[in-house]
Amino acid sequence: MSAQHELVWFRNDLRTIDNPALYHACQSTQPVIAIYIATPQQWHQHDDAAVKLDFWHRNLVQLEKELAELNIELHFFQHDNYQQIPDLIATICQQWAVNQVHVNAELAVNESQRDANVIERCQDIGVAYQEHHDQLLLPPASIRTKTGTPYKVFTAFSTQARQRLATPPSLYPVPNPCKKISDNATKRLSGQCQFADIHWPTVSKKIQTFWPAGQQQALTRLTEFCQQPIQHYKTDRDTPSLAGTSRLSPYLASGILSAAQCWHATLHCEMSDGVHIWQNELLWREFYKHTLIDFPQVSKHKPLKLQTEQIEWRHDKEQLAAWQNGKTGIPIVDAAMRQLLTRGWMHNRLRMIVAMFLTKHLLIDWRLGERWFMQHLIDGDLSANNGGWQWCASTGSDSVPYFRIFNPVTQSQRFDPKGAFIRHYLPELAHLSDKDIHLPSAKNRPENYPSPIVDLKRGRLRALSAFKGV
DNA sequence: TATCTGTTGAA
DNA sequence: TCAACAGAT
């Protein structure tokens, strides 16, 4: 076999637009081949949700078609975990005469360790390995305080990040079609499988309709969001009964869309508070991704404020189960948890409310909530999910002060004043008045709805004293 | 991106 | 009676 190939290894970057690894591979005059490696056991260990795996599945179908138009075949492999991957890549490189491997970096420790092992193996066999950063707006370790340390406060981080973003990151266009692969150039390898051989979970049609696959769908959402809703984002983003948020997080988390594409889209908007606040959301995401790189303990179930390890979390399986299944007796919490279970997604305001309720009023370890979210979210992303939970639990670097505890009923009255959201997810309460629906009294509570599992006032005081001790 | 409590002063 | 506010957590 004389012809050489360029190899693109797709992971969390299932798109052809603004994909630096794909773009650079296609700059070569050699034919390009693409691979995707399914690792079901690893997914299970990382608590990847069924809805997210199904979303990957559906997006891979789209990606395969889009790559075919570029004369690139997408080959599938399946292995239990990451340990076998360096050998697999080496075999592919040798048997398919690979010149260079192109990837977009993954940031968590398991993945960077896996990639470090792959790099070593590539060096052994003399194959070049090119890594790009598509998940970040700004390069790792590029945002630093005057003394050279990573930022631990969001506002300071975002000020410097915005200064850097005055020169926005460049976007990579879809590459031109590559040179075709000669027939029989890539023979079947061990571990290689048909797409249909990979065991993907099944989820409801309703969820699939709610989260359509493909980068074109993502781009349509982004464009439509930037045409109108972004201008009302300042107020509408906090109302869970409205579609006031971008709902792009699943596409960002799986790399169907890049953060750079989102940032560029905002530059074409008429500048307003709404645009600025949405940019800030992109910067929160950026902040948490940099935190993941700069403080690797985040990937290892450790809090950023190590002294919070001393907090005596309550081990109450029944209350945890009540929270997980939306049976706490606090309507806004239950409605939110049922949105998570039926949609695979939860509105951001509600994520803060339910996380605060679990970690403060119930005083249950934030890691149990973090895990439940990962197991059920279509947009589950280690850095954003961990960052959000540590923010709510007051264990993170720029998290909410421990004494600033959301009262879920007050939040409900403020952000769902007519109970529209609660009524939708808790039909058993739909008949209650706007006043009663936020916390039904014993008198008007229906039989099939539980009484509150915790007294909010007592729960709050209990959390205050538990945190005050450390 | 907070809530609770107590105080003040207008009605 | 209650809005507005300060101070504490």
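Owing to the predicted nature of the structure, the values given are computational and were not obtained by experimental measurement. Each chain gets a letter, A, B and so on, in the order the sequences are listed, and its residues count up from 1. Quick note: numbers below take in every heavy atom, side chains included, and nothing from hydrogens, waters or symmetry partners.
By the 6.0 Å and 45° rule, A/Arg338 does not stack over the aromatic ring of A/Tyr425. At least one cation-pi condition fails for A/Arg11 and A/Tyr36: the charged atom is not both under 6.0 angstrom from the six-membered ring centre and inside a 45 degree cone around its axis.
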Any N/O pairs under 3.5 Å between the protein and nucleotides 3-8 of chain C? List them or say none.
none

Evaluate the salt bridge (charged side-chain N to carboxylate O under 4.0 Å, His left out) criterion for residues A/Asp381 and A/Lys52: first the C-alpha distance (whole Å), next the side-chain angles of each, then the deciding distance (0.1 Å), finally the verdict.
CA-CA 10 Å; A/Asp381 169 86; A/Lys52 192 170 73 180; over 6 Å; no

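A/Glu281 has no carboxylate O lying under 4.0 Å from a charged side-chain N of A/Lys234, or vice versa, which leaves the two without a salt bridge. Contact check on A/Arg462 versus A/Glu312 returns no salt bridge, with no Lys/Arg side-chain nitrogen under 4.0 Å from an Asp/Glu carboxylate oxygen.
Of the N and O atoms on the side chains of A/Asp80 and A/Gln42, not one donor lies less than 3.5 Å from an acceptor on the other residue. Judged by distance alone, the side chains of A/Asp334 and A/Tyr449 do bring a donor and an acceptor atom under 3.5 Å apart. Side-chain atoms of A/Thr342 and A/Lys206 form no donor-acceptor pair, as typed in the model, at a separation below 3.5 Å.
When heavy atoms are screened at a 4.0 angstrom cut-off, A/Asn348 is found touching no nucleic acid atom at all. Heavy atoms of A/Arg351 sit nowhere under 4.0 angstrom from any nucleic acid atom.
For DNA chain B, the span of nucleotides reached by chain A at under 4.0 Å from its heavy atoms goes, 5' to 3', from B/dT1 to B/dT5.
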